[in-house]
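One structure is given here, and the rest of the page talks about it.
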Amino acid sequence: MELLGQIYSGFMVLAGCFGFVPMILAVAALIDSVRVGAGWYWCLIILAFPMIGPIAYFIVVRSPMLGARNAALMSPGVARRLQARKRLKALQVQLVNWRGPGILAEAGEELLVLGKHREAEKHFREALENGAAVEDVNYGLAQALQMQGRFADSVPLLQKLCEIEPDSHLGEGPLALARALDESRQRDEAEPVLRRVLERRSKIEAQVRLARILLHKGEKEEARQLLTEIKTESAVLPRYLKRRYGKWIRAARGMRSGTSGVPKPQVDGAFPAGDRLRLGLAAAAALVLLLFGGGYAVSRLGSAPRAAAQAAEESHALRARFDQLDQSHRWTLGDDLAKVDLTAADLDRYLRVRRGIEPGLRELVRQRQRMQSEFRSAGTGGIFNPYPATSTWMTAEAAFLRTLVEELEREKMGPHELDNLIAMVEWRFLRRPEALVFGLPDYDRPDWVLTRRLLDEPAAADLDPEYAKWLSRSRAKVASLEQRAAAAVDLSETTRSLLESRRADLESIDSGVLPHLAMVYDPNLVMEEVEY
C-alpha cells in the first residue's frame with residue numbers, strides 16, 4: 001500500500017491539476033497566446049483550467065482541425081497573424097532560391113503584420129533595388145518607417161506613390177501621406193492632402209487630424225464642425241467599426257485647443273498599439289498565479305531549477321533593456337558601414353566595453369562547455385535539467401548580461417552600435433572568422449548558425465534523397481551567405497587609418513569568445529543553439 005501511495009503521489013505531482021506537466025502546458029499556451037495575440041480571455045481560460053485550458057487553446061486556435069483552418073473561431077486579427085506566419089515560412093523557402101521583387105514585397109507585408117518593422121523595411125528596400133514597382137512597395141515601406149516613428153522618411157515615398165496613384169490603396173495612401181506630414185510637423189502641407197482625402201471618402205482619422213490642425217491655426221469654428229460630424233457619424237456606426245475606430249472617436253471627444261494627442265499608426269491585422277503590452281501584462285499576471293498554484297511541484301525538484309528559472313527571468317529582463325539602450329543611445333552614423341568615419345573616442349569606448357565583458361564571457365564559455373559535456377554524457381537537457389551545470393550556466397549567462405548592460409550604460413552605447421563596431425573592427429578590419437556572423441544581416445544570422453552547425457555534423461553514408469537535396473541547397477545557401485559577408489569588408493579611409501594605428505590593441509582582444517557573445521547577444525541564436 002505504501003508503494004501504491006508513493007506511485008499515486010508521484011503521478012499527482014507530474015500530471016495533477018497543479019502538477020509540473022500541466023504547468024508547462026499552461027506556460028506554453030500563455031506564451032503562444034501572447035505571441036499570436038489570441039485574446040485576453042484565453043489567459044483566463046488557460047489559468048482557470050490548468051490541464052483542459054491549454055489543450056482547448058491548442059485545439060481551437062492552433063490545431064489544423066479547427067483554428068488553423070477556420071478563421072470564424074478566432075478574431076480577424078489573430079487569423080491574419082497566423083496566416084502571416086504560415087505564409088512567411090513558405091516565402092522564406094522561396095527566397096532561398098530566388099529573391100525576386102514580388103516575393104520580397106510580399107514577405108515585407110507579412111513581416112509588417114507580425115510587427116517586425118525593421119525586417120520588413122529591409123525586404124521592401126531590397127525589392128526596390130531588384131526592380132519592384134513603386135505602387136507595389138512604397139506603401140508598405142512607408143508603413144514600416146511610420147511604425148518605427150520615422151514619419152519624415154516616409155514622406156517622399158508616399159508623395160511618389162500618390163503621384164502615380166492619387167487614390168492608392170482605396171485612399172489609404174493619401175491618408176498615410178497626410179499622417180506623415182502631420183507627424184513630421186509639416187502641417188501646412190498636410191492640410192490640403194487631408195481635405196482631398198475627405199472630398200472622396202469619410203475617414204475618421206483624416207477628420208481628427210484636420211480638426212487638430214485647424215485648432216492649432218485658431219480656426220475653431222470649422223474644427224468644431226468636423227468634431228461634431230465625427231460624433232454624429234460614430235453614433236450610427238456598426239459595433240465592429242466602433243471597436244476599430246474607437247481610439248479616434250475618443251481622441252475627437254477629448255480634443256481641446258489642439259493639445260489632444262492622436263493614436264499611433266497601426267497595420268491591419270497587427271497588434272494595435274498598446275494591446276501587446278496589455279495582453280503581455282494579463283499573461284504575466286496569469287503566469288504569476290499559475291506559478292503560485294504549481295509551487296509545490298516546483299519545490300520538489302530542488303534548488304537548481306529554481307535558480308535556473310530565476311536566472312532565465314533575469315536574462316529575459318536584461319535583454320528587454322537592449323531596446324531601451326538602443327532608443328537612448330541611437331546609432332547615428334548610417335547603415336552603410338563602408339562609409340562610417342570612426343573617431344578615436346568611439347574606438348576607446350568599444351575597447352573598454354569589450355575588455356569589461358571579457359571575464360564574464362570567458363566564465364560563460366567555461367560553464368557552457370561544462371553543461372554540454374554533461375548533456376552528451378547524460379543524453380538530456382533543458383531548463384529543468386536535474387544536473388547542476390544547467391543552473392550554473394544560466395546563472396553565468398545572467399551575470400554576463402548584467403555586466404554587458406552595465407558596460408553599455410556606462411559608455412552610453414546601444415547594442416546596435418556594439419553590433420556595428422564588432423562588424424567593422426573584428427570582421428571587416430581584422431577579418432576574424434569568429435566574427436563572420438556579425439558580418440551578416442541580422443535576419444540571416446539564425447539561418448547561417450543553424451545550417452552551418454548541421455553541415456558540420458558527419459553525414460551518413462546512405463542519405464535519403466530528399467535530405468541529400470536539402471543538404472545540397474543548404475550548402476549553397478551557406479556559401480552564398482559567406483560570400484556576401486566576405487564581400488562586405490570595405491571601410492572608409494579615415495576608419496581604416498585609425499584602426500591600423502591601434503592594431504596592436506585590437507588584436508589583443510580575445511576572438512575565441514565572439515561566437516558565444518553572438519549567441520548571448522542575439523536571442524534568436526540562443527534559441528537555435530539550445531533547441532538543436
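Quick note: residue numbers are just sequence positions, from 1.
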Exercise for the section: Output yes when a side-chain donor or acceptor of Trp427 lies under 3.5 Å from a complementary backbone atom of Ala485, and no otherwise. Expected result: yes
Problem - Nearest heavy-atom neighbours spanning Gly356 and Thr403 - result: O-CG2, 3.7 Å
Problem - Short side-chain to backbone donor-acceptor contact, Asp346 and Thr343, under 3.5 Å - result: yes
Handout entry: Min side-chain heavy-atom separation Asn420-Phe438 under 4.5 Å
Key = no
Problem - Note: Arg87-Glu106 ion pair, threshold 4.0 Å (strictly below) - result: yes
Exercise for the section: Check whether any side-chain heavy atom of Leu421 sits under 4.5 Å from a side-chain heavy atom of Leu342, and report yes or no. Expected result: yes
Fill in the blank from the handout: Interatomic distance, CD@Gln186 vs CG@Leu181, rounded to 0.5 Å, equals 5.0 Å
Problem - Test: Arg428 and Asp490 ion pair at under 4.0 Å - result: no
Completion exercise
Sequence neighbours excluded, the answer for side chain to side chain contact (heavy atoms under 4.5 Å, CB included) partners of Lys469 is Glu466, Arg473
Exercise for the section: May I ask you to say whether Arg209 pairs ionically with Glu183, meaning some side-chain N is under 4.0 Å from a carboxylate O? Expected result: yes
Handout entry: Arg432/Glu426 ion pair, N-O < 4.0 Å
Key = yes
Practice task
State whether Asp167 and Arg196 are salt-bridged, where the test is any N-O pair (Lys NZ or Arg NE/NH1/NH2 against Asp/Glu carboxylate O) under 4.0 Å.
Solution key: no
Exercise for the section: State whether the side chain of Asn130 and the backbone N or O of Arg99 hold a donor-acceptor pair below 3.5 Å, judged by distance alone. Expected result: yes
Practice task
Look up atom CD in Gln327 and atom CD in Gln324, then write down how far apart they are to the nearest 0.5 Å.
Solution key: 9.5 Å
Problem - Whether Arg445 side chain and Val437 backbone form a donor-acceptor pair below 3.5 Å - result: yes
Handout entry: Ser184 side chain vs Ala180 backbone, donor-acceptor pair below 3.5 Å
Key = yes
Practice task
For Ser492 and Ala338, indicate whether the former's side chain and the latter's backbone hold a donor-acceptor pair under 3.5 Å.
Solution key: no
Handout entry: Donor-acceptor contact below 3.5 Å, side chain Ser315 vs main chain Ala311
Key = yes
Exercise for the section: Inspect the contact between Arg330 and Glu417 and indicate whether a charged nitrogen and a carboxylate oxygen are less than 4.0 angstrom apart. Expected result: no
Exercise for the section: State, yes or no, whether a side-chain contact exists between Tyr350 and Ile422 at a heavy-atom distance under 4.5 Å. Expected result: yes
Problem - Salt bridge Glu110-Lys116, side-chain N to carboxylate O under 4.0 Å - result: no
Handout entry: From Arg85 atom CZ to Leu111 atom CG, the distance as rounded to the nearest 0.5 Å
Key = 10.5 Å
Problem - Exam field: side chain Asp341 to backbone Thr494, donor-acceptor pair closer than 3.5 Å - result: no
Handout entry: Carboxylate-amine/guanidinium proximity below 4.0 Å for Asp182 and Arg179
Key = no
Practice task
Apply side chain to side chain contact (heavy atoms under 4.5 Å, CB included) to Leu175 and Glu172, showing your working.
Solution key: CA-CA 5 Å; Leu175 179 59; Glu172 292 296 330; 3.9 Å; yes
Handout entry: Ala176 backbone acceptor or donor facing Gln146 side chain under 3.5 Å
Key = yes
Exercise for the section: Look at Glu191 together with Arg195 and state whether they make a salt bridge at an N to O cut-off of under 4.0 Å. Expected result: yes
Sequence neighbours left out, cut at 3.5 Å: what donor-acceptor pairs do the side chains of residues 155-163 make with other protein atoms?
none

Exercise for the section: Kindly say whether Asp510 contributes a backbone atom to a donor-acceptor pair with the side chain of Glu358 at under 3.5 angstrom? Expected result: yes
Exercise for the section: Taking the side chain as every heavy atom from C-beta outward, state whether His416 and Phe322 have any atom pair closer than 4.5 Å. Expected result: no
Problem - From Asp335 atom CG to Arg125 atom CZ, the distance as rounded to the nearest 0.5 Å - result: 8.5 Å
Exercise for the section: Taking the side chain as every heavy atom from C-beta outward, state whether His329 and Met413 have any pair of such atoms under 4.5 Å apart. Expected result: no
Fill in the blank from the handout: Partner of Leu194 under side chain to side chain contact (heavy atoms under 4.5 Å, CB included), picked from Leu177, Val208, Leu210, is Leu210
Problem - Check: Glu129 and Pro101 side chains under 4.5 Å, non-hydrogen atoms - result: no
Exercise for the section: Check step by step if side chain to side chain contact (heavy atoms under 4.5 Å, CB included) holds for His123 and Leu95. Expected result: CA-CA 11 Å; His123 281 69; Leu95 287 171; 4.1 Å; yes
Exercise for the section: Would you give the length of the straight line joining atom NZ of Lys339 to atom CG of Asp336, rounded to the nearest 0.5 angstrom? Expected result: 5.0 Å
Problem - Gap separating the CG atom of Leu347 from the CZ atom of Arg349, nearest 0.5 angstrom - result: 10.5 Å
Practice task
Please step through salt bridge (charged side-chain N to carboxylate O under 4.0 Å, His left out) for the pair Arg352 and Glu407, ending with a clear verdict.
Solution key: CA-CA 8 Å; Arg352 286 196 293 269; Glu407 290 292 333; over 6 Å; no
Handout entry: Sequence neighbours excluded - ring pair (Phe, Tyr, Trp, His ring centres under 6.0 Å) pairs with any residue from residues 144-180
Key = Tyr139-His169
Handout entry: Salt-bridge contact Glu406-Arg410 (side-chain N to carboxylate O under 4.0 Å)
Key = no
Practice task
Mark yes when over 12 heavy atoms from residues, nucleotides or ligands other than Arg118 sit less than 6.0 Å from its CZ; otherwise mark no.
Solution key: no
Practice task
Count the heavy atoms belonging to other residues, nucleotides or ligands that lie under 6.0 Å from CD of Glu493, then report whether that count exceeds 12.
Solution key: no
